[in-house]
Amino acid sequence: MLNVMKAPSIVAGSSLLVLLSWGLAQTALAQEKKAPTGYTDTPTIPGSKWRVHDDARPRPLVITPGTFSTPDVPGKPPSDAVVLFDGANLDAWRTEKGEPAKWKVENGYVEVVKGAGDMYTRAEFGDSQLHVEWREPSPPSGDSQGRGNSGIFLLGLYEVQVLDCYYNLTYADGQAGSIYGQSPPLVNACRPPGEWQQYDIVFTVPRFKDGQLAVPGYVTIFHNGVVVQNHTQILGATGHRTLPKLVVHGPQGPIKLQDHGNPVRFRNIWIRPLGQIQ
C-alpha cells in the first residue's frame, strides 16, 4: 500500500488557521459579554428628563478625596475644594468694613483677637459643604456662654454655635453644634478643651421669591464625625434672646467667624460649592 504523507507546511498552515479562527471567536464572545454602560429603552424617572440607567445622563466629575486630620496635623481638602484657610495667611478674609482681617495667625492656626471684630470671607457662597476645625482654650475659663464662645455664620446670617460644652452647662439651643437660638444639637459631641474638633456642614440656602420665602434653608452638621443636625430647617437669621428673623437675601453670601472675645482657634477651613444633580 502506498503511504502518502502530508507536507509539513500544509499541516502547520491548517493549525494556524484553526488557532486564528478560535481567537477571533473568543474575541467576539468577549465583546458580546461586555456589560452595558447604560440603557436607552428604560422608563423615564418621574419629574426628570432622564431614563432609569440612562446612558446619556452626565457622569459625576471625578475628584481626589481629601485626607482625615490628626490631633497634630490637619488633613488635606478634596481636590475641588476652595481653601479658605490653610494655616499660612488670611488673604481670603476681611473685616466687616472690607479691611484685612486682624486675627492672629501662627503655628498653622488663626486665633480670635478680642476686639478685632468678626472675620468674613471675601468670596460669597451658596449651597455648600463647609469644613471647619476649631479648638477651645485650655485651661478653660468662664462658664455657660462665657466659655470659649465663637460662631460660624452661614451667609453671614445663620449661626452654627462654637462653644466649649465639655462639662459646661448652658441652654440647649446655645450648645456647640446648635443652630443658635433655634435648634439644639441631637447630642453633645464635644471633646475636652485643648483638643482639635471639627465641623462638617452641608448647607442648602433658602430661596426667596417676590420678597417671600419660597423654599426654606436646611443644614446638616457632623460634629467630630457625629450627626448633630439632620437636615434641620433654618427658621431665620439667628440672634440672642430674639426670635429668628426673616431676612430676604440672594443665593450667596459670605462665611463669618465671630469675635466673641474668647481666644478660640481655627484651622483647615475649606468649602465645596454644591451644584445641582443632573
Side-chain angles (χ1 to χ4, degrees), residues 60 62-87 107-112 121 125 127-138 140 147-155 158-180 182-205 217-234 238 255-258 262 264-274 277:
V62 177
I63 69 164
T64 302
T67 60
F68 293 105
S69 296
T70 69
D72 299 319
V73 180
K76 295 181 179 180
S79 60
D80 64 340
V82 177
V83 177
L84 300 176
F85 179 69
D86 63 1
N107 300 322
Y109 61 79
V110 58
E111 182 175 298
V112 177
T121 55
F125 305 95
D127 297 347
S128 303
Q129 174 190 351
L130 175 65
H131 178 89
V132 181
E133 297 180 23
W134 49 280
R135 179 172 146 176
E136 293 293 345
S138 181
R147 180 178 292 184
N149 195 327
S150 185
I152 302 163
F153 287 72
L154 309 171
L155 271 72
Y158 310 109
E159 182 183 7
V160 178
Q161 175 72 312
V162 172
L163 189 73
D164 181 0
C165 286
Y166 189 77
Y167 294 101
N168 176 37
L169 186 65
T170 192
Y171 41 87
D173 59 11
Q175 287 194 208
S178 67
I179 309 304
Y180 187 76
Q182 300 181 31
S183 302
L186 295 173
V187 293
N188 180 346
C190 276
R191 292 192 171 116
E195 294 187 13
W196 283 104
Q197 312 198 50
Q198 64 182 33
Y199 282 156
D200 287 286
I201 302 168
V202 180
F203 180 53
T204 304
V205 176
Y218 294 92
V219 64
T220 295
I221 302 174
F222 293 82
H223 182 190
N224 296 325
V226 178
V227 175
V228 294
Q229 299 288 344
N230 183 19
H231 195 61
T232 303
Q233 182 175 333
I234 299 293
T238 53
I255 304 299
K256 181 178 83 171
L257 298 183
Q258 183 187 44
N262 301 139
V264 179
R265 297 175 180 177
F266 296 89
R267 73 174 187 182
N268 197 24
I269 306 174
W270 51 261
I271 192 167
R272 296 181 60 248
L274 301 178
I277 297 175

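Counting begins at 1 with the first residue of the sequence.
- Remark: R265 engages Y109, E111 in a side-chain hydrogen bond (donor to acceptor under 3.5 Å, both in side chains) (not counting sequence neighbours).
- In this structure, L257 and F266 have side chains that are in contact, with non-hydrogen atoms separated by less than 4.5 Å.
- Side-chain atoms of P78 and W270, non-hydrogen and from C-beta on, do get closer than 4.5 Å to each other.
- The two residues A176 and W134 come nearest to each other via the heavy atoms CB-CH2, 4.2 Å.
- F85 and G108 make their closest contact through CE2-O, 3.7 Å (heavy atoms, listed as atom of the first residue, atom of the second, distance).
- Formation of a donor-acceptor pair under 3.5 Å by the T220 side chain with backbone atoms of N230 is not found in this model.
- Checked against side chain to side chain contact (heavy atoms under 4.5 Å, CB included), Y171 has the following partners two or more places apart in sequence or in another chain: Q145, D173, Y180, H240.
- For the 3.5 Å distance criterion, the side chains of Q175 and T170 fail to qualify, holding no donor opposite an acceptor.
- Remark: side-chain polar atoms of S128 are not paired, donor with acceptor, to backbone N or O of F125 under 3.5 angstrom.
- Listed by first and then second residue, the side-chain hydrogen bond (donor to acceptor under 3.5 Å, both in side chains) pairs that reach into residues 185-200 are H131-D200, R191-N224, Q197-H223, Q197-N224, sequence neighbours excluded.
- Remark: side-chain polar atoms of S150 are paired, donor with acceptor, to backbone N or O of Q258 under 3.5 angstrom.
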Note to self: For Y166 and N168: C-alpha separation, side-chain torsions, deciding distance, then whether side-chain contact (heavy atoms from CB on, under 4.5 Å) applies.
What the structure shows: CA-CA 5 Å; Y166 189 77; N168 176 37; over 6 Å; no
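- Q229 places a side-chain N or O within donor-acceptor distance of the main-chain N or O of G177, the cut-off being under 3.5 Å.
- Side chain of D164 to main chain of E136: no donor-acceptor pair is present (N/O by atom type, distance under 3.5 Å, no hydrogens or angles).
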Check: Can Q182 and T238 be said to form a side chain to side chain donor-acceptor pair (under 3.5 Å), step by step?
Finding: CA-CA 8 Å; Q182 300 181 31; T238 53; 5.3 Å; no
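- Taking both residues in full, the closest heavy atoms of N262 and N149 are given as OD1-N, 2.7 Å, listed atom of the first, atom of the second, then distance.
- In this structure, L155 CG and I234 CD1 are separated by 10.0 Å, a value rounded to the nearest 0.5 Å.
- Between the side chain of T67 and the backbone N or O of K76, at least one donor-acceptor pair lies under 3.5 Å.
- In terms of heavy atoms, A172 sits closest to P185 at O-CD, 3.7 Å.
- Residues passing the side-chain hydrogen bond (donor to acceptor under 3.5 Å, both in side chains) test with E159: none are found, sequence neighbours excluded.
- Listed by chain and residue number, nothing satisfies the side-chain hydrogen bond (donor to acceptor under 3.5 Å, both in side chains) test with D86 (two or more places apart in sequence, or in another chain).
- Here L154 contributes atom CG and F203 contributes atom CZ; the two are 5.0 Å apart, rounded to the nearest 0.5 Å.
- To the nearest 0.5 Å, atom CG of residue L84 and atom OG1 of residue T121 are 6.5 Å apart.
- With sequence neighbours excluded, no residue forms a side-chain hydrogen bond (donor to acceptor under 3.5 Å, both in side chains) with Y218.
- Closest approach of A81 to P77, counting heavy atoms only: CB-CB, 4.0 Å.
- Side-chain atoms of S79 come within 3.5 Å of backbone N or O of T64 as a donor-acceptor pair.
- A distance-only check finds no donor-acceptor pair linking the side chain of D127 to the backbone of L274 [under 3.5 Å].
- I269 contributes atom CD1, which lies 7.5 Å from atom CD1 of I152 (distance to the nearest 0.5 angstrom).
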